Trainee: 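Pasting a structure below so you can have a look.
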Amino acid sequence: MWLRVATSQTIPESETLVRRLAGPSTTKAGLAKDQTEINRVIAEASKGSKFYEARTNICMISKASISEMLNKGWINLSVFPFMDIVIIAHICCHDTRKLVKLEAQRDLSQIIVHVDMDAFYASVELLDDPTLDGKPFGVGHGVLTTASYEARKFGVRSGMPSFIAKKLCPDLVVVANNFHRYTEVSRQVMDIFRRYDPNMCAAGCDEGYLNITRYCNEHQLAANDCVQQMRDMVRAETKLTVSAGIAPNKMLAKICSDKNKPNGQFKLEFDSCAIKAFMRNMSIRKLPGVGRVNERLLESIGIKTCGDIYSHRATLSLMDKQFGLNFLLQAYLGIASNVVQPGQREERKSIGAERTFSPIGDQAKILAKLEEVATELEHDMERGDWTGKTLTLKFKLDTYQAFTRAKSFTRWISTKKEDLFMIGKELLMPELPLTLRLIGLRVTKLKDLRADVQSAAGGIKRFFESAQSNSSPRKKRRLNADEEQAGDEGPSLTQDGFEDAMPGYHEHADSDELDAQIGQLDHSPLSSALPGMTTSSEHDGQSQFSLQKQPHARPPHSAPASSQNTAVASSSRVAKPVSTISNPKPQSACHTTSNSFYPGLAATVGAEVPAVGATDTALSGGSVQAQTCPICGKTIDVDNREFNDTLTSVSARKRSGKLKFLLPYSHRREGTSLTHERQLLKERPEGIRGDTDF
DNA sequence: GCGGATCAC
DNA sequence: TATGGTGATCCGC
């Protein structure tokens, strides 16, 4: 007997993508209403470009991988003498125990605030040039880093190439980035935030997390009043508006700050039931760590909202490896980290530089680019007093395929550009000839020269070491002076964490438009190519799609522009007859899906998303039938072992399947609260590109 | 240790 | 005509 644990057929991929056109992924404030028309314009403008082709291929590979995963999502139940319902019941019981355990860890004692500047770059530009007021404008060149709210009404968004933005909004004004100004203004704003929490954590230049518990206590302030006061202060001192979310943890606060954007705030009730109600209809895309790929992955088994996590917990349990059950259960409960602390310098893991340019095939010119990058990296490494043991070269072909090549050393890598260039060249030369559009260098296995010096003997010794090192002591001293003047107390950047942290290039890196376009494209030949690609992975242990990059692959030499299309074509040729994947079926509610695959499940554990009250009763270990597993505590011990064995072997199969789509580590970490800790605590104390310009 | 992939900002 | 840069981590090898 076979039990289907996946529900791929119920959600046609093309529909999934098309739905995203106007779907919840595009919930940015100030968006235009007619998303369909916007997407048509974007698709029109993009069609035929290499970028578009590349994204199309990526989309197909994703679909194929998801499809493969779902095809492998069968569990052989013949080893069990019982019916599948027993298994499901047990799984749900197991998950319920997990939920109870998680619920017990919930901490509502801290007041966490996520602050987020509204259209930060655009607002700063507006500050400096009032004539822009009321006009639709974008910031950036080539690619927009942000758009004014007027421009957003036309569908102009961050990450959009300006030529497309102009098509959507012919009157669009485009102004250049002024990173220096953003850094400056950002510092002002962060200084204000720090009055409320000196330990606040800046997350990029336009947002941050604060714990205002203490401030509220000391000033006898309600959280809402405190945050309102803080926002007023920012407005008064900088003329900028900021939105904020108030919640018991960072994840919730982040989601809340989006609720009343722009220039608003939202406080979530500090109550378990209210939080779960809040999460139930929340799109999974809002969860930190769930990007475009994971969204699709989860949608493929019918999970679109955090509430769906609960109703699909049996599936998720069986496919824990793929989905990260623990993370998702926490998300469903609205549980996450509430630890707010500034990023630490020692947390840094790598430092690098990369540059995009119009495609170059000429070797000498490529090497010249490499040298530029090496120079930039030298600057940043010396500026931050970093070195490391591994150098990674990154290059992207004109087809937008990216590759990396790395080399490790037993000694510390010299920070001199000549040496960086030489190693980089060594890595690059065997790959040529190629037509490249990007080159980058990155150093990992870092060593913090400052910490080293400090622990050794303090400032004097540091001075001597600087003098002995192969870099200019004069230069180093000057840079250090700059940083100390900025308020830094030595190596720890707890004070200024943000100082050198140039913003991410964009306010948001989302560009779902392309997926949308590709979704439209899915109606034709692409979908039919999928089954073949999927089955091709079956024939040996290796999961290799025709289009997939091979591990350690050598990039195609001077790949003709059509090479990928050729691959598609050949893949189509071996494809089996069109499968059901793209067969549009009426899309019914998720729990219906669930029922159809888990006969009896609804009766046993309730396949529908439970009402909040019901959940609570469930979690409190009450008498709700859903929680009383008919198997647990009795004969299940034996079965449990078998069951686990089965799961293990399933997991092993999954692993050998080389699935490409996995949740990020932070969401799979056992025990620790989910957290975008990585993001939140991440400090980028040194050498951001923008800084090197001044 | 290396390379591909995903994600956040 | 034309689609970014920095950093982190996981997995399979």
Side-chain angles (χ1 to χ4, degrees), chain A residues 42 45-46 49-52 54-55 58 61-62 65 116 120 140-145 158-166 177 179 202-207 254 287-295 297 321 324 347-356 358-359 373 376 380 389-390 392-394 396 400-408 437-438 440 442 444-446 501-511 513-514 541-543 548-553 654-669 676-684 686-690:
Chain A
I42 295 172
S46 297
S49 70
K50 284 197 162 121
F51 181 77
Y52 184 82
R55 293 301 287 265
I58 289 169
I61 292 168
S62 296
S65 293
D116 194 342
F120 183 56
H141 69 272
V143 175
L144 299 181
T145 56
S158 62
M160 183 178 279
S162 43
F163 77 95
I164 290 181
K166 284 265 190 184
N177 280 307
F179 290 112
C205 77
D206 69 335
E207 60 184 272
K254 165 100 174 139
L287 302 177
V290 177
R292 285 190 305 257
V293 175
N294 284 318
E295 179 187 30
L297 179 60
K321 280 273 184 265
E347 290 170 15
R348 186 159 188 158
K349 300 281 188 288
S350 79
I351 180 168
E354 64 187 59
R355 192 48 51 95
T356 293
S358 46
V373 171
E376 234 178 271
D380 292 347
K389 284 194 173 168
T390 302
T392 304
L393 169 79
K394 174 178 172 184
K396 200 189 276 183
Y400 290 87
Q401 287 174 283
F403 298 86
T404 59
R405 296 291 180 265
K407 185 171 167 124
S408 292
R437 70 180 335 274
L438 173 144
R442 178 163 298 273
T444 50
K445 303 249 299 273
L446 283 191
M502 264 318 279
Y505 198 78
H506 288 297
E507 291 184 339
H508 294 275
D510 285 10
S511 58
E513 308 85 42
L514 269 152
Q542 296 273 327
S543 157
Q548 204 150 353
K549 293 170 203 165
Q550 310 278 327
H552 301 229
K654 298 289 189 296
R655 277 197 297 278
S656 70
K658 291 175 189 151
L659 297 159
K660 300 298 177 202
F661 304 106
L662 298 163
L663 287 166
Y665 72 97
S666 57
H667 307 152
R668 307 174 57 75
R669 218 186 287 155
H676 19 321
E677 213 108 73
R678 179 193 69 198
Q679 296 299 327
L680 311 186
L681 304 181
K682 179 172 74 179
E683 185 46 279
R684 292 181 297 168
E686 309 297 339
I688 309 298
R689 189 189 72 84

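In what follows, every chain begins at residue 1, and chains take the letters A, B, ... in the order their sequences are listed. All values derive from a computational prediction rather than experimental measurement.
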Trainee: Whole angstrom is fine here: how far is it from CZ in A/Arg55 over to P in C/dT3?
Mentor: 13 Å
Trainee: Closer than 4.0 Å, any side-chain N/O of A/Tyr52 to the OP1 or OP2 of C/dT3?
Mentor: no
Trainee: Compare the minimum distances between each of B/dC2, C/dG4, B/dG4 and the side chain of A/Ala406, then state the nucleotide with the smallest one.
Mentor: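 Of the candidates, B/dC2 comes closest.
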Trainee: Expressed in angstrom and rounded to an integer, what is the separation of A/Leu438 atom CG from B/dG4 atom P?
Mentor: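 One finds 14 Å between P of B/dG4 and CG of A/Leu438, rounded.
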Trainee: Taking A/Arg292 for the side chain and A/Asn294 for the main chain, is one N or O donor matched with an acceptor at less than 3.5 Å?
Mentor: no
Trainee: Taking atom P of B/dG3 as reference, at what distance in whole Å does atom CZ of A/Arg442 sit?
Mentor: 15 Å
Trainee: Partners of A/Lys394 by salt bridge (charged side-chain N to carboxylate O under 4.0 Å, His left out), sequence neighbours excluded?
Mentor: A/Glu354
Trainee: Among B/dG4, B/dG1, B/dC7, which nucleotide sits nearest the side chain of A/Thr404?
Mentor: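 Of the options given, the side chain of A/Thr404 lies nearest B/dG4.
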Trainee: Can you tell me the distance, in whole Å, between the CG atom of A/Leu144 and the P atom of C/dT3?
Mentor: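 Rounded to whole Å, this separation is 13 Å.
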Trainee: Counting the atoms with a prime plus P, OP1 and OP2 as sugar-phosphate, which does A/Ala353 contact under 4.0 Å by heavy atoms, base, sugar-phosphate, or nothing?
Mentor: sugar-phosphate
Trainee: As a quick check of understanding, evaluate side chain to side chain contact (heavy atoms under 4.5 Å, CB included) for A/Ile42 and A/Met160, giving each step before the final call.
Mentor: CA-CA 9 Å; A/Ile42 295 172; A/Met160 183 178 279; 3.8 Å; yes
Trainee: Taking the side chain of A/Lys349 as its heavy atoms from C-beta onward, which of C/dA2, C/dT9, C/dG4 lies nearest to it?
Mentor: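 Nucleotide nearest to A/Lys349's side chain: C/dT9.
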Trainee: Report the nucleotide, chosen from C/dT6, B/dC7, C/dT3, that has the shortest atom-to-atom distance to any side-chain atom of A/Arg437.
Mentor: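 Of the options given, the side chain of A/Arg437 lies nearest C/dT3.
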Trainee: Just checking, any donor-acceptor pair under 3.5 angstrom between side chains of A/Arg442 and A/Ser350?
Mentor: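 Side-chain D/A pair, A/Arg442 to A/Ser350: present.
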Trainee: Mind calculating the distance between CG (A/Leu297) and P (C/dC11) to the nearest angstrom?
Mentor: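 That distance rounds to 15 Å.
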Trainee: Not counting sequence neighbours, which residues clear side chain to side chain donor-acceptor pair (under 3.5 Å) with A/Lys407? List them please.
Mentor: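 Per chain and number, A/Lys407 pairs via side chain to side chain donor-acceptor pair (under 3.5 Å) with A/Glu426.
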Trainee: Using a 3.5 Å cut-off on both pairing distances, which stems of three or more Watson-Crick or G-U pairs include DNA chain C?
Mentor: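 Stems found: B:1-9 with C:5-13.
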Trainee: Counting side-chain heavy atoms from CB outward, which of C/dT3, B/dC7, B/dG4 is closest to A/Phe51?
Mentor: C/dT3
Trainee: Taking N and O atoms by type only, does the side chain of A/Ser162 place a donor or acceptor under 3.5 Å from a partner on the base of C/dT3?
Mentor: no
Trainee: Would you mind telling me which of C/dG4, B/dC9, C/dG5 lies closest to the side-chain atoms of A/Glu207?
Mentor: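 Of all the options, the side chain of A/Glu207 is nearest to B/dC9.
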Trainee: Quantified in whole Å, what is the P atom distance between nucleotide C/dT3 and nucleotide B/dA8?
Mentor: 24 Å
Trainee: Keeping the roles fixed (side chain from A/Ser162, backbone from A/Gly142), state whether a donor-acceptor pair exists under 3.5 Å.
Mentor: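 Checked: pair present.
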Trainee: Output all residues satisfying side chain to side chain donor-acceptor pair (under 3.5 Å) with A/Ser49, sequence neighbours left out; order by chain, then residue number.
Mentor: none
Trainee: For A/Lys349, enumerate each residue passing the salt bridge (charged side-chain N to carboxylate O under 4.0 Å, His left out) test, keeping only those at least two apart in sequence or located in another chain.
Mentor: none
Trainee: Can you tell me which nucleotide in C/dT6, B/dG1, C/dG4 comes closest to the side chain of A/Ser408?
Mentor: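 So the nucleotide nearest the side chain must be B/dG1.
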Trainee: Of the nucleotides C/dT6, C/dT3, C/dG7, which one has an atom closest to the side chain of A/Lys394?
Mentor: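 Nearest nucleotide to the side chain: C/dT6.
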Trainee: How long is the line joining CG of A/Asn294 and C1' of C/dC11, in whole Å?
Mentor: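 Taking CG of A/Asn294 and C1' of C/dC11, I get 14 Å after rounding.
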Trainee: Taking CD1 from A/Ile58 and C1' from B/dT6, how many angstroms apart are they, rounded to a whole number?
Mentor: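 Distance, rounded to whole Å: 11 Å.
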Trainee: Can you sort out the partners of A/Thr444 under side chain to side chain donor-acceptor pair (under 3.5 Å), two or more places apart, ordered by chain and number?
Mentor: none
Trainee: What's the CG-P distance between A/Leu393 and B/dC2, to the nearest Å?
Mentor: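 The answer, rounded to whole Å, is 13 Å.
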Trainee: Could you please name the option among B/dT6, C/dG5, B/dC9 that lies closest to any side-chain atom of A/Lys254?
Mentor: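 Closest of the options to the side chain of A/Lys254: B/dC9.
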Trainee: Heavy atoms only, 4.0 Å cut-off, all strands: where does A/Lys445 land among base, sugar-phosphate and nothing?
Mentor: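 The answer is sugar-phosphate, as A/Lys445 gets under 4.0 Å only of primed atoms, P, OP1 or OP2.
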Trainee: Using heavy atoms to find the nearest nucleotide of DNA chain C for A/Thr356 and A/Ser350 separately, return the residue whose nucleotide is more 5′.
Mentor: A/Thr356
Trainee: Whether A/Arg405 contacts B/dG1 is assessed here as follows: a side-chain N or O lying under 4.0 Å from the phosphate OP1 or OP2. Is that the case?
Mentor: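 Answer no for this pair, as no side-chain N or O of A/Arg405 is under 4.0 Å from OP1 or OP2.
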Trainee: Go through C/dT3, B/dC9, C/dT6 for me and flag the one nearest to the A/Pro161 side chain.
Mentor: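 Out of C/dT3, B/dC9, C/dT6, the nucleotide with an atom closest to A/Pro161's side chain is C/dT3.
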Trainee: Contact class for A/Ser49 (heavy atom, under 4.0 Å): base, sugar-phosphate, or nothing?
Mentor: base
